Amino acid sequence: MTWIFNRPADFAKEMVAGFVNAHASLVRQVPGGVVRNTQSRPGSVAVVVGGGSGHYPAFAGLVGQGLAHGAAMGNLFASPSAQQICSVARAASNGGGVLLAFGNYAGDVLHFGLACERLRAEGIPCETIAITDDISSATLAEKEKRRGVAGDLVVFKAAAAAAERGDSLAEVLAVARRANARTRTLGLAFAGCTLPGAERPLFSLPEGLMGFGMGIHGEPGINDLPIPNADSLAEMLTDALLQEIPSEVAAVPGARVAVIVNGLGAVKYEELFVLWHYVEPRLKAAGVTIADVQVGEFVTSFNMAGLSLTLVWLDEALEALWLAPACAPAFHRGSAIVHRPLPADRHELAVEPTVRQGSAASREAAECVMHILNAVEENILANADELGRIDAIAGDGDHGIGMSRGVSAARRAAEQAWRQGAGVGSLLQRAADAWADEAGGTSGAIWGVILNTLGTALGDEERPDAKSVAQAVAQACAGVMAFGKAKPGDKTLVDVLSPFSEALREAAENLPLAAAWQRAAEVAQQSAQRTAQLVPKIGRARPLAERSLGTPDAGAVSLAMIIVTTGDRLQAAVPVQQDRENVCL
Ligand SMILES: Nc1ncnc2c1ncn2[C@@H]1O[C@H](COP(=O)(O)OP(=O)(O)O)[C@@H](O)[C@H]1O
Ligand SMILES: O=C(COP(=O)(O)O)[C@@H](O)CO
């Protein structure tokens, strides 16, 4: 249950505003997130972190001297968009390049990767690190698939301390990689979190059981086990973590570790102290020297009842960086930091570029696309709860929310572009940027690619017809696969987009657009249903993937809905006397 909110959709925005106001001496709001409100050393590397909201103090509470230079903040449990990340990175940049650091989640990887490319193209040296400390989310052999959880703090802190002492971008990246390689976390949940406005928790556990290995968005764990007493719980967590010693550590006896006992939202500090009381002797018994311990909330899962234990296997350099002073709203260490406020005029807002004018034929098509977007928005909003329900079975349950935010933003941007004289290509590109920017998350990034590619292919001059639209859809499909790396059979929306594209190409050989689209839409619907038989091989639903067997992929279902609605609109627009292909497309 969440008690304090107005409109659920405004929750993240209002939370950031309140947070910045409460910590104005340390942080400042910029479009897309927050940056330090204190001066950093000119020429130094900026460490820009980020991810979805709902994990406080990750990510904004970890911005401040000795810690991150800025945080890009997405909506609840959805990655920020590339546009947000670029905006924060530009504001945080000190001239020494930018390291983008984030947890290894599909949407984050896509958006931060895109942001990195854009920043480099603007002349800002940039690198990325995706943090992978959660040992329950994949085997050691597939460490690069693991999620980032409380270990985020370790990587942020080490990288930022290296930046603070004047390391180059390559050196800061090397420190971040070393910190990531030496950090291991294991978490568990007793009860699910309930996002603002939701009627029930994202997931629940059977009475008396805990989800051992559960992720910070309710991703399935290793096993549901009876809840033991504190001593046994400490044993389960320490034993599991001591079974996976990083290869860099020569021997456990004598090794120095930093420990984080992290509450995930609803577990009390008092309970965490009780757990630590039992963890500490077990680590000592293994011969480990405890160089530092942090007990509290560092990376949470909204109001989920759960906790995690992190071991950081230190070397001399890492220990110095971990123990270096820091002063952020939610993390303090040492007292030797001098604050020099940032001048008030440091950040200026970007000016919106003017829209390219379309030919008369392209404007007609643009108008038709606007009608389609209106109908699609209506349909997605009406089905948002159902999409969320499907996504919650093996994902994080936010697909309906993300799609609603994205499609509404796209529709608004398209209307504005239309009023400014856009052709169909520019209108779709504006809609693409708005969708990716507002929705964030994996599907936001993917829909940004789909609409952007369609827009580029259709352009602002020609009247689209069946063949050119089929070609544009094929390009969008190739673009999505190149960008997101999903293949047919991985249980994503590619399992609809690819057969739909193929069917449209075939039908467009001898049918006008509306009829060809309708025929291919049937294939899309069947393909979406068929994803129920697949197990996810990519993204958040991958661990314990069998749970999603029997349920279709949420992104595949929403794509099929959009395709069907588009087909209906195209059909409705066909004149009775078909003397030309179609009135609008
Ligand atoms: N690599 C990928 N390529 C294409 N589509 C993907 C990929 N990963 C996930 N998806 C699609 O995104 C959908 C999830 O979107 P959404 O719930 O909005 O994002 P998130 O998982 O970031 O919360 C999935 O159902 C799947 O169809
Ligand atoms: O939810 C988050 C990112 O998830 P995506 O599925 O990648 O959008 C975020 O909370 C963690 O950064």
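Order of appearance sets the numbers: ligands from 1, and atoms from 1 within every ligand. These numbers come from a predicted model, not from an experiment.
- Below 3.5 Å of separation, one finds no N or O of K491 facing any N or O of ligand 1.
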**Request:** Go through the steps for T531 and D495 under the test side-chain hydrogen bond (donor to acceptor under 3.5 Å, both in side chains), then give the verdict.
**Result:** CA-CA 7 Å; T531 60; D495 290 305; over 6 Å; no
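- The residue from T531, V109, T442, I450 that puts a heavy atom closest to atom 9 (C) of ligand 1 is T442.
- The shortest N/O to N/O separation between S53 and ligand 2 does not fall below 3.5 Å.
- By the 4.0 Å heavy-atom criterion, A78 is counted among the residues contacting ligand 2.
- With contacts defined as side-chain heavy-atom distances shorter than 4.5 Å, the pair F212/L188 qualifies.
- Between G402 and ligand 1 there is no heavy-atom distance shorter than 4.0 Å.
- Here's the thing with V480: none of its N/O atoms is less than 3.5 angstrom from an N/O atom of ligand 1.
- Of all the heavy atoms of D490, none lies under 4.0 Å from any atom of ligand 1, so neither backbone nor side chain is involved.
- Nearest approach of S308 to G187, heavy atoms of both residues: CB-CA, 3.7 Å.
- When non-hydrogen atoms are compared, ligand 1 lies under 4.0 Å from the backbone of S443 as well as from its side chain.
- Contact record, A524 with I563: CB-CD1, 3.8 Å, taken as the closest heavy-atom pair.
- For H217 and Y105, the ring centers sit closer than 6.0 Å to each other.
- Of all the heavy atoms in L173 and T128, the pair that sits closest is CD1-O, 3.7 Å.
- Every atom of ligand 2 is numbered from 1 in the order shown, and the set under 4.0 Å from a heavy atom of G441 is 8 (O).
- Ligand 2 places these atoms under 4.0 Å from at least one heavy atom of A106: 7 (O).
- Of the N or O atoms in K485, none lie within a sub-3.5 Å distance of an N or O in ligand 1.
- Using a 4.0 Å cut-off to heavy atoms of T442, the atoms of ligand 2 that qualify are 6 (O), 8 (O).
- When only interatomic distances are considered, the shortest N/O to N/O separation between I446 and ligand 1 does not fall below 3.5 Å.
- An N or O contact shorter than 3.5 Å is missing between G50 and ligand 2 by distance.
- No donor-acceptor distance shorter than 3.5 angstrom exists from the side chain of D134 to the backbone of R147, with no hydrogens or angles considered.
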**Asked** Where do N180 and T132 land on the side-chain hydrogen bond (donor to acceptor under 3.5 Å, both in side chains) test, with the steps shown first?
**Response** CA-CA 7 Å; N180 188 42; T132 54; 3.1 Å; yes
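- The 12-atom threshold is exceeded at CD of E144, counting heavy atoms of other residues, nucleotides or ligands nearer than 6.0 Å.
- Each of the following atoms of ligand 2 lies closer than 4.0 Å to a heavy atom of G51: 12 (O).
- Polar contact with ligand 2: absent for F59 (N/O pair, distance under 3.5 Å).
- By the 30° and 60° cut-offs, the orientation of the rings of H55 relative to F59 is perpendicular.
- Per-residue contacts place D553 under 4.0 angstrom from the following atoms of ligand 1 (heavy atoms of the residue considered): 24 (C), 25 (O), 26 (C), 27 (O).
- Both the backbone and the side chain of S79 come within 4.0 Å of ligand 2, counting heavy atoms alone.
- Checked against a 3.5 angstrom limit, the closest N/O atoms of V494 and ligand 1 fall outside it.
- Atoms of ligand 1 lying under 4.0 Å from any heavy atom of G441, numbered from 1 in the order shown and given with element: 22 (O).
- The heavy-atom pair separating H69 from A92 by the smallest distance is O-CB, 3.9 Å.
- Close approach of ligand 2 to H55 is summarised as follows: ligand atoms under 4.0 Å from at least one heavy atom of the residue are 9 (C), 10 (O), 11 (C).
- Closest approach of R405 and A439 over heavy atoms only: NH2-O, 3.6 Å.
- In this pair, F302 and F11 present their aromatic rings perpendicular. The plane angle is above 60°, beyond the 30 to 60° band.
- Residue D398 has at least one heavy-atom neighbour below 4.0 Å for each of these atoms of ligand 1: 17 (O), 23 (O).
- Ligand 1 places these atoms under 4.0 Å from at least one heavy atom of A486: 1 (N), 2 (C), 3 (N).
- When every heavy atom of A138 is checked against every heavy atom of R146, the shortest pair comes out as O-NE, 2.9 Å.
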